[in-house]
K.L.:
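What follows is a structure written as structure tokens; I'll ask about it next.
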Protein chains: 2
Amino acid sequence: MPRANLSPTKILDRALKWVDVHGYEQLSMAALAHAFGVATPSLYKHVPSLSWIQRAVAEHGLQELGDMLQQAATGRGQEKALDHMARAYREYAKAHPGRYSAIQRAPDPDDTDLGQLSERVLRPIYQMLKTYGRMGDQATHDVRLLRAALHGFVSLEMAGGFGMPLNIEESFDHLIGVLDTTFRNNLR
Amino acid sequence: MPRANLSPTKILDRALKWVDVHGYEQLSMAALAHAFGVATPSLYKHVPSLSWIQRAVAEHGLQELGDMLQQAATGRGQEKALDHMARAYREYAKAHPGRYSAIQRAPDPDDTDLGQLSERVLRPIYQMLKTYGRMGDQATHDVRLLRAALHGFVSLEMAGGFGMPLNIEESFDHLIGVLDTTFRNNLR
DNA sequence: CGATTGTAGCTAATGGCATTAGCTTTGTCA
DNA sequence: TGACAAAGCTAATGCCATTAGCTACAATCG
């Protein structure tokens, strides 16, 4: 039979697509091997473990998300940066739900690489806040609020936690509006 | 050997304690059986499946969380209701991380019972918002913002997503302050 | 008080998963 | 063409959930 010609890259690529289609929790060595038409243990010739793949998916997702936010922050004029970044964040989670889920499961405190990638996600947010004149400790609290609001919204939405999908767009506009008003008028 | 005298209630109680100590993802029939000093299949004489236990844990958690919020909303004067509710929410998640995690995994749209329990969590929030004079569609958007911010904050905090734990209390105060200011001054 | 019977808990078995060991085949390069 | 490394395979281990079927205890009834 012909060889599958696997490689770490091909396996990761397939895993990235898989999680977005079938869900992060459905990712398994067995499922991936089946997708390649290959026996499960064959994957171990290219990749050390399932958790390695999971971490790689998380790393890739973090990288992509950071790039999206960076782009959204720099592209156009600063006045709409918050709006753009918030929407980019939500768009990414909707377009890549599996990768987004993967990001949420890797709180290994020893893993400094992932920590540094998280920094890359934070940097554009700090940049954006500076255009509102928010910096220092206040900016740190702002970043945490922003991350909490965005992550919470997206994760509740993905879990169907809002009940009927009615007006979810408006609710997100409202979220952005509240934060923008707060920052713009320098409240709190 | 003496009988363990199991029952659905005892199993659920043990599961509730277990998830808060060892983490929700560590919950398994094997672990529970071992905790009772009993063979794994014995549990099936009292309980139909692991997923039944997981759902029961989620239901219990939802009930408790709803009660906490209701209490926080009604107890004292209304002016501090948001503050009390937000802190009660976070306290619950910190005191019962396993139960809180369980709540986040049950997006079975067919499960109307859990949906109704979610309503019980929402009701005190709507009540509280009414004291700010926020109602109708705006209140719905507010509730979603509030849930997103609280859930996001708590879940990032639990995952260690904020990096150093420094000033997390202040950040939470900031979150509450921003929302309170927005509602109080009827911004947006 | 002893026989009956339901049931709690047991062991054995099945099937799915990740992972390891060790064999076989294939592609490449001298 | 022959040797060798890498790719893929099968077999095996050990974990899990779940099912089937056996055994022994405990409460009830004659």
K.L.:
When every nucleotide of nucleotides 15-21 of chain C is labelled 5' to 3' by its protein contacts under 4.0 Å (heavy atoms), B for base, S for sugar-phosphate only, - for none, what sequence of letters results?
P.N.:
--SSBB-
K.L.:
Please tell me if the side chains of A/Y132 and A/N186 come closer than 4.5 Å, counting only heavy atoms from C-beta onward.
P.N.:
no
K.L.:
Is the centre of the B/Y89 ring less than 6.0 Å from the centre of the B/F172 ring?
P.N.:
no
K.L.:
Measure the spacing between CZ of A/R14 and CG of A/L27 and express it to the nearest 0.5 Å.
P.N.:
12.5 Å
K.L.:
Assess the pair A/F153 and A/F162: is the distance between their ring centroids shorter than 6.0 Å?
P.N.:
yes
K.L.:
How many Å lie between CZ on A/F36 and P on D/dG8, as a whole number?
P.N.:
10 Å
K.L.:
Output all residues satisfying side chain to side chain donor-acceptor pair (under 3.5 Å) with A/E170, sequence neighbours left out; order by chain, then residue number.
P.N.:
B/H141
K.L.:
Given A/H174, which partner from the list B/D137, B/T140, B/D142 fulfils the side-chain hydrogen bond (donor to acceptor under 3.5 Å, both in side chains) test?
P.N.:
B/D142
K.L.:
Tabulate protein N/O versus nucleotide N/O from nucleotides 3-7 of chain D, keeping only pairs under 3.5 Å, one per line.
P.N.:
from: D/dA7; atom 1: O4'; to: A/R3; atom 2: NH1; distance (Å): 2.5

K.L.:
Is it true that B/E119 and B/R123 make a salt bridge, defined as a side-chain N closer than 4.0 Å to a carboxylate O?
P.N.:
no
K.L.:
Angle between ring planes, B/W18 versus B/H22, binned at 30° and 60°: parallel, tilted or perpendicular?
P.N.:
parallel
K.L.:
Whole Å only: how far is the CD atom of B/Q26 from the C1' atom of D/dC15?
P.N.:
13 Å
